[in-house]
Structures are given as structure tokens and as C-alpha cells.
Novice: 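Pasting a structure below so you can have a look.
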Amino acid sequence: MKNDNSNVKKTDAKGGISLFKSNEIMMLIVLIVVIAIFSIMNGNYLTYNNMTNILVAASTIGMLAIGETFLIIAGHIDLSSAHIVSLFGVMTALLINGGMPWPLAMIIVVVVSSVVGLANSCLVNIFGLQPFIATLAMSQVCEGVAYLICSGKSVPVNDVVFNEIGTTRVLGIPLPAIIMVILFIIFGLVLSKTVFGRSVYMIGGNPEAARLAGLNPKKISTILYVIAAMIAAFAGVMMTTRMHSGQPAGGAGSEFDAITAAILGGVAFSGGKGNLAGCFIGLLIMQCFNNGLTVINVSSFWQTVAKGLLLIAALIFDYFRRKKLA
């Protein structure tokens with residue numbers, strides 16, 4: 001059993017080096033090309049203000065992408081994350097307006113969100129539903145509850161200090177973007193440097209081998225669903241402070257952006273491969289691309305089409321990458 005674990009480590013290390021050379025460097029080149037093209041098309045694209053706008057816009061999706069990356073590597077997925085953002089963003093606004101101090105409101109919504117993660121895990125691990133179907137159903141539940149508790153209207157937040165968090169800048173960099181980067185670093189180290197991180201790769205790459213090695217895939221996936229839900233709720237809090245209100249549809253559609261970022265960054269949709277460094281580069285590519293379309297005045301309808309095509313391209317790229325590895 002000891003030899004099996006050492007072999008897994010060697011395989012992971014080799015896979016990490018291979019991905020770094022072939023995938024992440026290539027993605028960095030793609031990022032530079034995307035920025036260069038839009039800079040040529042519009043001189044205002046590569047400006048400080050626009051770059052910070054890209055980072056702020058990326059902060060919510062980036063947080064969701066962290067949870068999605070862990071789950072996809074483990075062979076799962078979460079389509080409820082976007083509406084978790086909306087639900088707990090609205091809940092945060094309602095609690096603060098009800099007189100609760102914002103730090104306590106933040107802690108409560110993040111802790112309570114773990115219930116949604118547990119519910120997703122129960123649907124998948126106890127009732128045997130496919131993650132795609134289970135989390136899609138939970139997404140509808142969260143969306144409905146978000147609209148019910150605010151009667152379908154946005155909830156303006158009346159706490160000045162809380163509202164300032166979303167607009168605060170540290171050395172000229174927006175605080176939400178800094179928090180996102182810190183989360184990427186922390187969870188990136190967890191994924192790449194800890195036993196738990198290696199377990200995530202094992203259950204995604206070969207669940208049966210993981211069981212024989214003494215791992216409990218259901219327990220690990222439960223932890224991942226809970227973490228993903230809590231990160232999504234925290235992203236909802238950050239969106240609320242940035243928009244100065246809780247929006248019942250504020251996170252709608254962002255789960256697909258998060259998945260696109262992960263797949264673009266080299267996370268294998270079939271599980272067992274990928275890392276958060278690549279996911280971060282994929283996030284920047286996607287956000288620079290989306291922002292570039294806005295800057296050159298592409299219709300919002302065509303932007304939706306382009307985002308769908310980008311996800312298709314990411315999945316096709318993942319297919320050829322897996323084929324090459326095979």
C-alpha cells in the first residue's frame with residue numbers, strides 16, 4: 001500500500017510538471033494574445049482603470065471557480081453555486097438591514113450555506129443522483145428562495161462601513177480582487193501540498209483505486225460540496241458589498257463562467273487533472289475576453305453567444321488534451 005501511494009505522488013508530480021510546461025505556458029501566451037488584440041482594437045483597453053475593472057469583475061467568478069476546480073478534479077460539479085451567491089447575498093443584506101452587525105451577518109451566511117453543500121452531497125452520495133442533475137435542482141431551489149425572501153426586489157444595504165469594503169483599494173488594487181487572489185493561493189496550496197489535495201486527485205482519477213487505498217470518496221466529496229457552497233456564499237457577500245445591495249439574480253449564469261475558467265485553465269472535465277494556477281490564468285483569459293467584447297461595443301446578445309462558444313472551445317480543448325495524454 002505504501003508503494004501505491006508513492007506511485008500516485010510520482011504520477012501527480014509528473015502530471016503537474018507536464019501541465020505546467022504544455023498547458024499553463026500556452027495559456028499565458030493565449031492571455032497575452034487576447035490582451036494584445038483588444039488593445040490594438042481599442043486604445044482604452046490596456047489602461048489601469050480597465051484592468052482593475054477586469055479584476056473586480058473576475059473576483060466573484062474566481063471564487064466560484066475555486067470550488068468548481070476542486071469538485072471537477074474530484075469527478076463532480078456544482079451548478080448551484082451561482083444561485084448560492086444570489087441567495088446569500090440577499091440574506092446578508094436583509095440581516096444587516098435588520099440591525100445585525102455586518103461581521104456577524106457575514107459569518108452566519110457563510111456557516112448556514114454549508115447546509116446547501118450538505119444537501120448537494122446527500123442528493124449525490126445517498127440518493128445516487130448525478131451531480132449535474134442534483135445541483136441543477138438545488139440551483140432552482142436557491143433561486144426560488146432568493147426571490148421569495150426579498151419579494152423579487154433588490155435589497156439596498158444601509159451600512160456605510162459594509163458598503164465601503166467593496167470599493168476599498170489597497171495600493172490601488174480593489175480589495176475584492178485581493179481577497180480572490182489570497183483565496184486562490186490558500187486553496188492552491190491545499191490542493192497541491194496537502195494529503196487532502198492528493199486525495200481529491202485520487203478520487204477523481206480512479207475512485208476504485210482510492211477506495212482500495214483506504215480513502216472515502218463520499219466523505220471527501222461531501223467536504224468539497226460544503227467548501228464550494230461556503231466559498232459561493234462568501235462571494236455573495238462580496239458581491240453585495242460591491243453593489244451596495246443584495247440582488248436576487250446577481251450571480252445568475254456565473255457558474256458557467258467559473259466552469260469555463262477551470263476548463264480553460266487545464267482542469268480535466270473527466271476529473272483527476274488540473275490545478276488552481278491554471279484555473280487562475282483561464283479566469284483572466286475569459287474575463288479579458290468578455291471585457292474586450294464590451295470595450296469594442298459588441299452587442300450583449302453576441303457576447304452571450306461568444307461566451308457559449310468559449311465554453312465549447314474549452315471543452316473541445318479538454319478533449320484533445322485528454323486524447324494526447326492517453
Novice: Leu191 versus Phe187: any side-chain heavy-atom pair under 4.5 Å?
Specialist: no
Novice: Does the side-chain contact (heavy atoms from CB on, under 4.5 Å) test come out yes or no for Val110 and Phe88, once each step is laid out?
Specialist: CA-CA 8 Å; Val110 171; Phe88 289 97; over 6 Å; no
Novice: Is Tyr48 atom OH crowded by more than 12 heavy atoms from other residues, nucleotides or ligands, each under 6.0 Å away?
Specialist: yes
Novice: Please answer whether the main-chain N or O of Ile54 pairs with a side-chain N or O of Asn291 as donor and acceptor at a distance below 3.5 Å.
Specialist: no
Novice: Write down the atom of Val155, the atom of Cys150, and the distance for their closest heavy-atom approach.
Specialist: CG2-CB, 3.6 Å
Novice: Could you pull out the closest heavy-atom pair between Val124 and Pro131, with the gap in Å?
Specialist: CG2-CA, 3.8 Å
Novice: Looking at OG1 of Thr92 and CE of Met238, how far apart are the two atoms once the value is rounded to the nearest 0.5 Å?
Specialist: 9.0 Å
Novice: Quick one: do Asp78 and Leu64 satisfy side-chain contact (heavy atoms from CB on, under 4.5 Å)? Show the steps, please.
Specialist: CA-CA 10 Å; Asp78 185 2; Leu64 296 186; over 6 Å; no
Novice: Measure up the Phe38 and Tyr45 rings against each other and bin them: parallel (under 30°), tilted (30 to 60°), perpendicular (over 60°).
Specialist: tilted
Novice: Nearest 0.5 Å, please: how far is SG in Cys279 from CD1 in Ile259?
Specialist: 11.0 Å
Novice: For the backbone of Gly274 and the side chain of Tyr201, can you confirm whether one donor and one acceptor N or O come within less than 3.5 Å of each other?
Specialist: yes
Novice: Indicate yes or no: at least one non-hydrogen side-chain atom of Arg242 is less than 4.5 angstrom from one of Thr60.
Specialist: yes
Novice: Do Leu310 and Leu264 have side chains that approach each other closer than 4.5 Å (heavy atoms only, starting at C-beta)?
Specialist: yes
Novice: Give me the atom names and distance for the closest heavy-atom approach of Ser245 to Pro156.
Specialist: CB-CA, 3.7 Å
Novice: Are Phe234 and Val56 co-members of a hydrophobic cluster defined by side-chain heavy atoms under 4.5 Å apart?
Specialist: no
Novice: Take Ile220 and Met202 through the side-chain contact (heavy atoms from CB on, under 4.5 Å) test and state the conclusion after the steps.
Specialist: CA-CA 11 Å; Ile220 294 172; Met202 287 184 69; over 6 Å; no
Novice: Is there a path from Val85 to Val226 through hydrophobic residues (I, L, V, M, F, W, Y) whose side chains come within less than 4.5 Å of each other?
Specialist: no
Novice: I'd like to know if Leu309 and Leu315 are part of one continuous hydrophobic network [Ile/Leu/Val/Met/Phe/Trp/Tyr, side-chain heavy atoms within less than 4.5 Å].
Specialist: yes
Novice: Is it the case that the side chain of Ser121 and the backbone of Gly117 share a donor-acceptor pair, with hydrogens and angles ignored and the cut-off at 3.5 Å?
Specialist: no
Novice: Could you tell me if the side chain of Phe301 sits less than 4.5 Å from the side chain of Val305, heavy atoms only?
Specialist: no
Novice: Does Met51 reach the side chain of Leu46, with side-chain heavy atoms less than 4.5 Å apart?
Specialist: yes
Novice: Can you see whether Asn50 engages Asn44 through a side-chain donor-acceptor pair at a distance of less than 3.5 angstrom?
Specialist: no
Novice: In Å, rounded to the nearest 0.5 Å, how long is the span from CG of Leu293 to CE of Met41?
Specialist: 8.5 Å
Novice: Just checking Tyr319: does its OH atom have more than 12 heavy atoms from other residues, nucleotides or ligands closer to it than 6.0 angstrom?
Specialist: no
Novice: Tell me which pairs pass side chain to side chain donor-acceptor pair (under 3.5 Å) where either residue lies in residues 145-173, with sequence neighbours left out.
Specialist: Asn97-Asn158
Novice: One pair to check against side-chain contact (heavy atoms from CB on, under 4.5 Å): Asn290 and Lys307. What are the steps and the verdict?
Specialist: CA-CA 8 Å; Asn290 291 342; Lys307 288 167 68 173; 3.4 Å; yes
Novice: I'd like to check the side-chain hydrogen bond (donor to acceptor under 3.5 Å, both in side chains) partners of Thr294; sequence neighbours left out, ordered by chain and number.
Specialist: Gln303
Novice: Do you know the tightest heavy-atom contact between Val111 and Met230?
Specialist: CA-CE, 4.5 Å
Novice: Of all the heavy-atom pairs spanning Gly251 and Met239, show the shortest one and how long it is.
Specialist: N-SD, 4.1 Å
Novice: Quick one: do Ile227 and Ile107 end up in the same hydrophobic cluster if we chain Ile, Leu, Val, Met, Phe, Trp and Tyr together by side-chain heavy atoms under 4.5 Å apart?
Specialist: no
Novice: Measuring only between side-chain heavy atoms, which start at C-beta, is Ser86 closer than 4.5 Å to Glu143?
Specialist: no
Novice: What's the spacing between Asn125 CG and Ser221 OG if we round to 0.5 Å?
Specialist: 3.5 Å
Novice: For residues Ile61 and Met286, determine if any side-chain heavy atom of one lies less than 4.5 Å from a side-chain heavy atom of the other.
Specialist: yes
Novice: Kindly compute the distance separating CZ (Phe184) from OG1 (Thr69), expressed to the nearest 0.5 Å.
Specialist: 6.5 Å
Novice: Can you tell if the side chain of Thr241 reaches within under 4.5 Å of the side chain of Val237, non-hydrogen atoms only?
Specialist: no
Novice: Quick one: closest heavy-atom pair of Ala93 and Thr240, and the distance?
Specialist: CB-CG2, 4.3 Å
Novice: Rounded to the nearest 0.5 Å, how far does CD of Gln140 lie from CG of Leu79?
Specialist: 10.5 Å
Novice: Hydrophobic cluster membership, with links at side-chain heavy-atom distances under 4.5 Å among I/L/V/M/F/W/Y: are Ile84 and Ile77 in one?
Specialist: yes
Novice: Would you mind telling me which of Ser80, Ser81, Ser139 makes a side chain to side chain donor-acceptor pair (under 3.5 Å) with Asn120?
Specialist: Ser80
